[in-house]
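Notes follow once the structure below has been shown.
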Amino acid sequence: MREKQKNVPKKLLAIIMVIFLLTMCSLAVRAAAEEPAAQDELAFLSEKGTRIGVGSGSIQEVLVNELYPDADIYYYDKFQGYIALEQGKLDAYIYDKKQMELAVKNGQKGVRVLDSTIGDPIRIALGISKTSAIPDLEAQVNRFIETAQADGTMDELYDRWINKGDFTMPEIERPASPKYHLTVGTTGDVEPYSFYQGETLTGFDIELMYRLAAWLDADIDFQVFSWDSIVPGLQSGKADIIASNLQISPERAAEITFSTPLYEEKNGIMVRDEFGASRESFLSALSSSFEKTFIREDRYKLFLSGIFTTLLITVLSILFGTALGFLVYMACRNGNKAANFIARIFVWLIQGMPVVVLLMILYYVIFSDANISGTAVAIVSFTLVFGAGVFGMLTTSVGAIDKGQTEAAYALGYSDLRTFFRIILPQAVPHFLPSYKGEIIGLIKATSIVGYIAVQDLTKMGDIIRGRTYEAFFPLIAVAVIYFILGGLLTFIVDRIEIGTDPKRRKKERILKGVKTND
Amino acid sequence: MIELRHLKKEYDIVTPLKDVSVTINDGDVISIIGPSGTGKSTLIRCINLLEKPTSGQILLNGEDITARGYDIKKARRKMGMVFQSFNLFGHLTVIENIMLAPMDLLHKGKQETYDKGMELLHRVGLAEKALSYPDELSGGQKQRVAIARTLCMDPEVILLDEPTSALDPTMVSEVQAVIKDLSRSGKTMMIVTHEMNFARSISNRVFYMDDGGIYEDGTPEQIFEDPQKERTKRFIRKLKVFEKDIVGANYDFIVFDSELEKYLQMNDVAPATKYRIRLVIEELTRQILFPVLPDPQIHVVTEYSIIDGSCEITVIYAGKQFDINDTANELSLNLLKKTTDSIRYSYAEGEERPNRVEIRLN
């Protein structure tokens with residue numbers, strides 16, 4: 001080595017030395033920072049500045065505030081919490097002990113669950129809608145739970161799904177001519193309670209719900225919500241019942257009705273376990289990640305269905321949004337004061353708020369009663385957003401065309417409308433398309449928030465799969481790559497249109513089609 | 001035939017056309033000249049209603065095209081327009097620019113329109129550019145295509161709004177040649193232009209526009225050789241004018257001198273002429289007139305022609321009849337006579353300032 005280095009210019013050597021020193025320093029600092037106390041298993045939690053992760057609005061948050069007032073609280077969903085812990089961003093994560101144990105068992109690396117438990121037991125229950133079409137739903141559900149607990153069904157279910165980890169979903173007889181329709185909201189990302197095996201929703205809660213539906217004489221369908229939106233989903237009447245290993249927290253209890261508890265769990269503490277970190281080589285880790293993310297249980301089908309939903313929302317929003325923006329522009333282009341005023345308000349409203357807020361307002365407020373699917377609401381929202389964008393782009397690109405073009409057409413005897421379509425628009429389109437392409441890329445990325453309203457798009461599917469594989473890196477990168485490809489595909493199509501509509505690329509034969517020339 | 005009746009065009013700040021009434025006969029080739037900002041373009045753009053007149057009527061072959069409900073598109077198809085900035089349609093080839101409107105609006109066949117378009121392109125000398133795009137042409141070529149585009153609609157009237165103003169000087173002549181050719185075709189034409197010689201050679205009628213309307217209307221000979229009205233004269237001879245009142249016995253001549261100096265300098269008057277102009281005014285006003293006028297009220301007008309460097313100084317003053325040739329100040333009078341080419345005195349009874357002295361310097 002030294003022999004070789006002598007040949008390297010001194011400057012480069014110096015740079016390498018500096019980089020080496022910096023790396024060493026940062027490693028030393030990190031090592032010093034990550035030394036949790038070991039004697040009393042829980043003593044470190046009381047220290048000032050301990051970084052504890054909890055779910056936002058959870059009972060664990062209340063608990064940590066009470067027991068460890070000196071700790072710094074960080075809000076993480078459980079999967080993000082596990083990964084944050086693994087990566088040293090947290091010192092401890094506090095949650096349902098059973099679930100954390102399952103996560104470790106199922107392959108979450110670099111963390112371990114302590115034996116101790118803290119606080120009162122967690123009660124797990126179902127959330128019940130007050131406005132359901134099924135009469136007296138709360139009482140009926142409670143009676144069902146009582147029966148199931150009395151005859152041992154509940155224990156059998158718990159033992160099979162949660163203790164034994166037997167993930168076979170039994171056939172449950174569905175009523176032939178059901179009296180009611182039961183819509184169940186769930187998250188689909190919490191194994192073994194509500195999770196996907198391949199494309200099928202399974203788990204403890206799911207089986208329980210099938211049994212409840214049969215007991216109620218009801219047909220059943222599932223709506224998959226994100227954790228942030230499952231409670232609003234129930235409140236706004238998008239679901240009759242929500243079931244997803246829900247803990248009765250004071251905050252939730254204030255907002256929705258819970259059933260009698262199904263069972264109780266305990267609060268556990270997860271900490272970092274450096275020795276448990278993965279020691280696989282990069283390549284074999286990669287191939288195992290690939291297998292887990294795409295192949296196992298045919299998970300690629302989830303991705304395909306997510307891609308389909310994302311594309312459906314994007315493409316329809318592009319088409320409708322373009323039409324909407326164009327119509328609004330046509331109404332405004334001659335300076336009609338009322339139309340311009342309305343358009344200004346429209347653009348101001350749509351562009352003034354985050355799309356996710358618009359989406360939730362439409363889903364949970366405006367269309368809360370209507371029986372409209374989340375996908376349709378997503379299409380409506382993004383149509384509005386895209387339409388506002390198209391309107392703006394049309395205004396600028398048409399404004400870029402010299403006024404003389406209009407005058408020349410008028411002077412030849414063209415009507416106003418014909419001038420626009422024959423002379424102005426064809427020249428505005430080349431100004432319009434580049435920003436239009438940008439808007440499309442923006443749109444396809446923006447659709448990634450539809451998980452908030454129970455739509456299972458590509459991002460949501462990535463989350464669901466992450467919930468099974470306990471990996472942050474691979475599904476995220478896979479989702480990113482797919483977005484790149486989809487965006488590339490759509491821009492490619494617009495590129496084709498751009499070439500197709502460019503008047504200067506027309507062939508001579510096409511220009512003089514049907515004309516005899518002398519040359 | 002186009003008749004304008006009491007045409008008025010008012011903007012927020014200016015009123016370029018106050019009250020214009022004129023008749024344009026079939027076959028007239030009219031040049032519209034005049035200083036900038038006098039409504040030449042406004043007039044021509046009002047005729048095909050690209051500018052909407054504030055009031056007044058425009059009659060095309062007896063039909064009031066300003067009437068409510070009149071379909072102006074019909075009138076516009078009979079009145080071609082050529083713009084200063086060409087305004088060729090950028091997304092279409094030259095031949096398509098020419099063919100578009102006849103096919104769209106007159107529903108002519110494609111072959112027929114193509115043949116006619118090519119014939120027109122031959123006429124303006126651009127047949128080989130038929131499949132070029134406007135941005136591949138020079139300014140002069142663009143304007144010739146624009147003329148061909150207008151002609152392909154077979155208009156009765158052609159309006160040309162400063163067709164050569166935006167052109168490089170080297171390209172002016174090629175466009176002028178095409179317009180000149182056009183002017184012999186018998187079509188009614190109106191052309192706004194700054195090129196006097198060109199205007200003179202193509203038109204049978206000239207409108208000199210000033211003061212919110214058509215200030216003088218006549219044949220090119222009348223307007224260019226013997227204009228009747230003051231402003232026309234000044235414009236045609238490119239006269240630069242300096243006007244000033246000298247009033248009161250305590251008049252501040254320092255201000256007068258500095259303003260005169262500024263005027264002479266701005267118009268690049270030759271030093272010798274400058275000296276003579278100053279001398280004449282000083283001797284006349286201060287040495288000859290001031291001593292004899294008890295309450296001096298003198299009006300001085302200096303008109304300097306940029307074309308030939310000649311100068312006319314007119315001095316009128318109030319008071320009893322007083323011929324400067326009768327002055328007691330012979331020294332000044334002699335000086336005056338030696339410096340100038342002619343001195344003429346006249347007296348107009350009854351006017352506010354009846355005495356008038358006209359002096360010429362060549």
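Lettering follows sequence order; numbering is per chain, from 1.
Looking at A:Arg418, only its side chain comes within 4.5 Å of chain B, counting heavy atoms on both sides. Contacts of B:Asp161 with chain A are absent, with no heavy-atom separation under 4.5 Å from either backbone or side chain. For chain A, the nearby parts of B:Phe89 are the backbone and the side chain; heavy atoms of each come within less than 4.5 Å.
Side-chain N/O atoms of B:Asn48 and A:Tyr410 include no donor and acceptor closer than 3.5 Å. Using a 3.5 Å distance cut-off with no hydrogens or angles, the side chains of A:Glu498 and A:Tyr436 do not pair a donor with an acceptor.
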Test log, rule side-chain contact (heavy atoms from CB on, under 4.5 Å), inputs A:Ile366 and A:Val377: CA-CA 10 Å; A:Ile366 294 174; A:Val377 173; over 6 Å; no
Side chain to side chain donor-acceptor pair (under 3.5 Å) between A:Gln427 and A:Asp402, worked out: CA-CA 10 Å; A:Gln427 298 188 66; A:Asp402 180 31; over 6 Å; no
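Using a 4.5 Å cut-off between non-hydrogen atoms, no part of residues 307-316 of chain A approaches chain B.
For the side chain to side chain contact (heavy atoms under 4.5 Å, CB included) test with B:Ile179, the passing option among B:Ile158, B:Ile147, B:Thr193 is B:Ile147; the others fail.
Residue B:Phe83 holds its CZ atom at 11.0 Å from OG of B:Ser41, rounded to the nearest 0.5 Å.
Interface remark: of the candidates B:Leu100, B:Asp71, B:Ile95, B:Leu100 forms the most heavy-atom pairs closer than 4.5 Å to chain A. Each of B:Ala130, B:Pro102, B:Ser85, B:Gly90 has some count of heavy-atom pairs under 4.5 Å with chain A, and the biggest count is that of B:Gly90. Each of B:Ile72, B:Leu88, B:Thr150, B:Leu49 has some count of heavy-atom pairs under 4.5 Å with chain A, and the biggest count is that of B:Leu88. When each of A:Ser415, A:Ala408, A:Pro426 is checked for heavy-atom pairs under 4.5 Å with chain B, A:Ala408 comes out on top. Most heavy-atom pairs under 4.5 Å with chain A, from the set B:Arg45, B:Glu96, B:Gln84: that is B:Glu96.
Salt-bridge annotation for A:Glu407 and A:Lys403: present, with a side-chain N of the basic residue lying under 4.0 Å from a carboxylate O of the acidic one.
The local environment of OH in A:Tyr483 is crowded, with over 12 non-hydrogen atoms from other residues, nucleotides or ligands closer than 6.0 Å.
At least one test fails for A:Arg422 against the ring of A:Tyr414: distance under 6.0 Å to the centre or angle within 45° of the axis. A cation-pi contact links A:Lys504 to B:Tyr133, judged by a cut-off of 6.0 Å to the six-membered ring centre and 45° from its axis.
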